[in-house]
Amino acid sequence: MKLKSYIFRWVTLATLLPATALGLFASYYVQNLYHEDAKKNILRSLENISGEITRTLQTEQKLILKLRESRAIKQFLPVLKAAKQAKRHPQYDSKLFTLSQFLQQYQSVISMFDTFRILDMRGNTLLKVRSGHESITSYEGFDPYPIMDKEIIMPEHSKHLSELPASNVSFMELPQTRDEMGTENNIVIPDGIVPLLYNDQRVGYLAVTISGTNIDQLLELAARLYNGQLLIAEIDEENGERNGQILYDDKTLLRFAHLKSTIENIQTIENGQLWDAFLESPFGLVANNNDKSHYYYIEYFPYPDSLTSWIIASEVYDEAYTKPFERIRAGIWVLASIAAFSSLFLAHFASRAISTPIMHLAKNLKSYADGNKPEPVKSAIDEMQQLSESFIYMAQKLEQEQQERQKAEKMMLQSAKLASLGQMAAGIGHEINNPLNNIRSLSRLIKRDLGNSEADQSEKYLSNMREDITSLDEEVIRASEIVQGVLSFARQIPEKEFTSINMADLLKNTEALVKQEARRAQVELHGVAAIEAGESVMITGDPGKLQQALVNVLLNAIQASADSECIPRRIELTINADKQAMLLRIRDYGPGIDEAVIGKIFDPFFTTKNVGKGTGLGLSIALGIIQNHQGELSIENAVGGGAIVSIRLRRAAFRKSRSGRAYT
């Protein structure tokens, strides 16, 4: 993943996404709180509407009660008393005319009332004034005075009227009003009826039909919170026709003052959801079928001393209070998108400010790995500058440590060489002593021959002297070679470039160094002559260091074989080679290596020999030398006893030296 993408991802995850999620969560949380407040406000507004309707109805009731106390009606009370006695009052016509004129004038001023009726004790209409005009229709009945509506012959109706309280306005549906409106229309507000008293005796009734215009005007001006649509329906369980009747509806523009030719009820609205909710609770809210709006409703009792009630409901679409929050959430997404693009833009420049020095630093690392010196990286970011300086410091420390390590390795190698020389000292001394004894004997022979007289120096003596001198020269060369081999092995030789090496020659020279140690330990070395006689195997490396590795391995093998009870004691050397590598195997027939310590055999200073018999560095140094030649060195116990050391080295073909140059 690129740094730009990485920075952008984590900036997004760490800041942008949490901020967006928090903003969205806050919007939904505030929306729920707002919805709860909206519910309370809507229900409170419905209660306010019900309070206004109550005041309007109370005003109308007060006007009806005041109308009962008017002078014109009081003057008409004797006529009603006479009618109660089934008599016609002598001033019937004049008093009826006076009252009619009064009611017509009253109605022209107070337009909230549609019809006034003066009823006798049986409920028949003696006077009817409607829409500012007296009714001219008259009917003859059993009484000695005419009536203006059809005669009512309903004893239960008369009884019901007689039970009405005298001090209050009662609401009931009059048969006259029903007959006047017709069966095809429905009465919205029942007639308001108040008894008329003469000398504390009930002589008749004042019936007023309320048009409902005042309530319509009130509702038109009432606040519709959240653009709600108002709905009012009547609940009258005693009257099945009116139970659930819709009185007012903003959706259908239905009003109180309108004639209802058909009865619509709330039981049919949204499959009766509002009705079912009302039956469970007299107030609350319910979602409609399409789940896009809610009905908020309360129950209201408009008529005193009556169980008839109204449902006042407001249908509010959810978008009325969710739309502002949807706009807020849309704004959050827009801001989040802008922030995302801004973060991506800033991440690009931030990544360049970081990645550029990082790339330079990576290039420095690769260059340093290839053996070049690191270069300082300049950066405006303090941390990056500090990282660059730390890298330079690390490189310098590594070079310093490398130099110290190489110095220590050289000292350790030299110490190991001296230790090996100490182990081989007796054998080397014996090896040099033989040619020295021969030189001494030959010099005595030459001295003896030179002591004879010149006459006796025949050709025979001269020939013997020449042979002795030749042998003497050979013994000197032999001793010189032994000393030179020891010196070459012991002295510190600088690092050399790898050269081609014949394995047979390397093994022969190494055998010469350890041969006397092998004789002293009564161990025979087998295989070097066969290797010399076989195919020439060429490798590439440092002959001095490879010889040291072989000396260390052979000395370990000799010392291990010296402890063996097997007679004759021997060490076998074999070489197997293919086109790419050669494998040298050195097997001894000693006691082998304990399995518990075989994993530690190459650890520095680890030895299984007695104190003073070993340094514990031989095999570890040999391993380091072989690995430095890109080879492998391993050791294992042999089947049948003893141990096998395997050394694998590449054949002379293509190899990189430590300086990186190739040789073949």
Do [X] and [Y] touch side chain to side chain, with heavy atoms closer than 4.5 Å?
X: L554; Y: L513; answer: no
X: V645; Y: N556; answer: no
X: E595; Y: N637; answer: yes
X: Q547; Y: L506; answer: yes
X: I626; Y: R648; answer: no

Return the minimal non-hydrogen interatomic distance between [X] and [Y], and the atom names on each side.
X: L555; Y: E517; answer: CD2-CG, 3.9 Å
X: A622; Y: N552; answer: N-ND2, 4.4 Å
X: P591; Y: A560; answer: CD-O, 3.4 Å
X: L546; Y: G541; answer: CD1-CA, 4.3 Å
X: I501; Y: D542; answer: CD1-C, 4.0 Å
X: A562; Y: V523; answer: N-CG2, 4.2 Å

Would you check if the side chain of [X] reaches a backbone N or O of [Y] as a donor-acceptor pair within less than 3.5 Å?
X: R651; Y: M582; result: no
X: D588; Y: A643; result: yes
X: N628; Y: G624; result: no

Next item on the list: Return yes when atom CD of Q522 has more than 12 non-hydrogen atoms of other residues, nucleotides or ligands closer than 6.0 Å, and no otherwise.
Entry: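 No, CD of Q522 has 12 or fewer neighbouring heavy atoms, counting only those of other groups under 6.0 Å.
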Measuring from atom [atom1] of [X] to atom [atom2] of [Y], what distance do you get when rounded to the nearest 0.5 angstrom?
X: R585; Y: S634; atom1: CZ; atom2: OG; result: 8.5 Å
X: W333; Y: I338; atom1: CH2; atom2: CD1; result: 14.0 Å
X: K515; Y: T510; atom1: NZ; atom2: OG1; result: 12.5 Å
X: L633; Y: I625; atom1: CG; atom2: CD1; result: 10.0 Å
X: Q627; Y: E632; atom1: CD; atom2: CD; result: 9.0 Å
X: N288; Y: D318; atom1: CG; atom2: CG; result: 7.5 Å

Item checked: Geometric class of the H294/H35 ring pair [parallel <30°, tilted 30-60°, perpendicular >60°] ->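 Rings of H35 and H294: perpendicular, as their planes differ by over 60°.
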Item checked: Criterion side-chain contact (heavy atoms from CB on, under 4.5 Å) on L525 and V514, from CA distance to verdict -> CA-CA 10 Å; L525 297 176; V514 300; 4.0 Å; yes
Notebook entry, point to check: Partners of R329 by side-chain contact (heavy atoms from CB on, under 4.5 Å), sequence neighbours excluded?
Noted result: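 Expected list: L24, S27, Y28, Q31, F325, E326.
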Checklist line | Criterion side-chain contact (heavy atoms from CB on, under 4.5 Å) on I328 and V30, from CA distance to verdict | finding: CA-CA 11 Å; I328 291 174; V30 174; over 6 Å; no
Next item on the list: Decide side-chain contact (heavy atoms from CB on, under 4.5 Å) for I539 and M503; before the verdict, give the C-alpha distance in whole Å, the side-chain angles of both, and the deciding distance to 0.1 Å.
Entry: CA-CA 7 Å; I539 64 171; M503 277 300 298; 3.4 Å; yes
Next item on the list: Please test I531 against V537 for side-chain contact (heavy atoms from CB on, under 4.5 Å), starting from the C-alpha separation and ending with a verdict.
Entry: CA-CA 9 Å; I531 293 173; V537 177; over 6 Å; no
Next item on the list: Please list all pairs passing the salt bridge (charged side-chain N to carboxylate O under 4.0 Å, His left out) test where one or both residues lie in residues 566-577, with sequence neighbours left out.
Entry: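 The answer is R570-E572.
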